[in-house]
Amino acid sequence: MANIVSKKLSNHVFTMRDYTKDKKPEELEPFFPNEILRHCIVTCFFIAIEFIAVIVFPLPWKFVNKPDHIPWFFLPIYKLHELIQNDVLFTVLLIFGALLFILWPFYTDGRKCNVPSFDDRHSRYMKKSNNLWQRPILFSIVITVIIFVITLCFINP
Amino acid sequence: MENKGFLREFIENNITRRLIPKGLSWFGCMGGLSLLAFIIQLSTGIFLMFYFIPTTKDALTSIQYVSHSVPYGWLIQRIHAIGPHMMIAMVLSHMLRILFRGIYRHPRELHWISGACLLILTFLMYYTGSKLSVHNGNEHFTVHLIYFYALHVIGIPLAVAFSMGMHFFMVRKTGIYEPL
């Protein structure tokens with residue numbers, strides 16, 4: 001019984017995507033040690049930065065005018081609340097924004113761009129168009145939202 | 001012997017004999033760093049749970065006790081206070097990379113949804129955690145404090161663990177994003 005369960009687990013739950021199927025050997029590299037080493041180096045950097053932050057923060061100067069209890073990542077939301085001053089409208093906007101953010105892949109029509117093609121040149125073109133840099137309308141929407149969020153941090157209502 | 005064979009096969013298939021596409025970006029490690037930040041928060045949070053008293057009268061005193069009287073308590077408390085900033089920075093950069101590279105598209109839509117839920121849960125975790133250290137002598141605040149504490153130490157971490165499990169499961173099934 002345990003054997004059957006472990007086989008089922010290894011076949012369904014723990015099975016990873018096999019990258020060797022549609023790739024040449026020269027297009028592949030070993031996960032161990034290459035990727036493991038990459039993660040170890042990045043982890044060491046992260047821990048070092050966290051310890052520096054523990055010693056240095058809070059910094060004695062302020063980049064923007066804000067109350068001490070508001071962290072940098074809540075600053076746009078805090079400023080938006082100050083701008084709107086209507087709790088119902090603010091809550092509706094927040095929920096609407098969160099839903100738009102979560103459901104982003106479903107209305108950006110991604111399925112067309114990832115259809116594999118036998119024509120390598122065509123397939124590459126299709127794959128490239130996945131990139132936001134090459135989709136001007138989506139790119140302009142995202143950049144506008146990012147600029148709006150950053151601007152919100154610096155305004156004083 | 002069977003278990004040893006299964007474990008050996010598991011390690012060989014997933015680590016030592018596994019092959020991945022060449023030329024993966026260093027920025028692809030942001031997701032792993034978010035997990036690392038969460039593990040740091042979890043371990044320091046478990047340590048602080050042994051000393052924190054979730055009542056309006058004792059909350060601030062217990063925090064001060066950890067800072068001043070427990071060996072290395074100040075360090076663990078500082079790491080737990082700085083950690084969310086690092087974690088949110090990592091999650092945001094991970095999501096921005098995925099957004100700009102278009103990695104959220106088919107068949108990875110559910111990765112984006114679970115990741116976005118994880119970001120919102122991380123914000124909620126910070127919000128509930130920040131309420132625990134606020135000093136307020138009001139009786140009603142004690143009830144709120146206990147709610148916030150329960151959400152911070154049990155409710156939200158369970159939701160995070162579930163979303164994280166879904167996220168990793170789907171990443172394993174569809175594979176990582178391959179460079180052109």
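Naming: A, B, ... by sequence-line order, numbering from 1 per chain.
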For this session: Against chain A, work out which of Ile15(B), Leu19(B), Ile20(B) has the most heavy-atom pairs shorter than 4.5 Å and name it.
Result: Ile20(B)
For this session: Report yes or no: does His68(B) contribute a side-chain atom to a donor-acceptor pair with the main-chain N or O of Gln64(B) at less than 3.5 Å?
Result: yes
Exercise. Do the charged groups of Glu12(B) and Arg17(B) touch, with an N to O distance under 4.0 Å?
Worked result: yes
For this session: Tell me, for Ile143(A) versus chain B, whether the close heavy atoms (under 4.5 Å) come from the side chain, the backbone, both or neither.
Result: side chain
Exercise. Between Leu99(B) and chain A, which part of the residue has a heavy atom less than 4.5 Å away: side chain, backbone, both or neither?
Worked result: both
Exercise. Side chain, backbone, both or neither: which part of Phe51(A) has a heavy atom under 4.5 Å from chain B?
Worked result: side chain
Problem set entry | Engaged part of Ile120(B) at the chain A interface, taking heavy atoms whose separation is under 4.5 Å | side chain
Seminar exercise, completed: Under 4.5 Å to a heavy atom of chain A? For Ala37(B) that would be both
For this session: Mind ranking Gly32(B), Ala89(B), Ser130(B) by heavy-atom pairs under 4.5 Å with chain A and telling me who comes out on top?
Result: Ala89(B)
For this session: May I ask you to decide if Val160(B)'s main-chain N or O and Ser163(B)'s side chain share a donor-acceptor pair within less than 3.5 Å?
Result: no
Problem set entry | Contacting moiety of Thr16(B), where chain A heavy atoms sit under 4.5 Å | both
For this session: Answer yes or no: are there more than 12 heavy-atom neighbours, outside Phe27(B) itself, under 6.0 Å from its atom CZ?
Result: no
For this session: Give the C-alpha distance, both sets of side-chain angles, the deciding distance and a yes or no for ring pair (Phe, Tyr, Trp, His ring centres under 6.0 Å) between Trp104(A) and Tyr107(A).
Result: CA-CA 6 Å; Trp104(A) 174 262; Tyr107(A) 52 81; 5.7 Å; yes
Problem set entry | Between Leu138(A), Val54(A), Ile36(A), Val142(A), the one whose heavy-atom pairs under 4.5 Å with chain B are most numerous | Val54(A)
Exercise. Where does the angle between the aromatic ring planes of Tyr147(B) and His144(B) fall among parallel (under 30°), tilted (30 to 60°) and perpendicular (over 60°)?
Worked result: tilted
For this session: Please state whether the rings of Phe74(A) and Phe123(B) are parallel, tilted or perpendicular, taking 30° and 60° as the class boundaries.
Result: tilted
Exercise. Would His80(B) and Phe47(B) count as a ring pair (Phe, Tyr, Trp, His ring centres under 6.0 Å) if you check the C-alpha gap in whole Å, the side-chain angles of each, and the deciding distance to 0.1 Å?
Worked result: CA-CA 10 Å; His80(B) 197 73; Phe47(B) 173 85; over 10 Å; no
Problem set entry | Largest heavy-atom contact set with chain A, pairs under 4.5 Å, which of Ile40(B), Leu75(B), Ile79(B) | Ile79(B)
For this session: May I ask you to name which of Phe45(A), Phe32(A), Trp72(A), Trp133(A) has the most heavy-atom pairs under 4.5 Å with chain B?
Result: Trp72(A)
For this session: Heavy-atom distances under 4.5 Å only: say whether Met90(B) touches chain A with side chain, backbone, both or neither.
Result: side chain
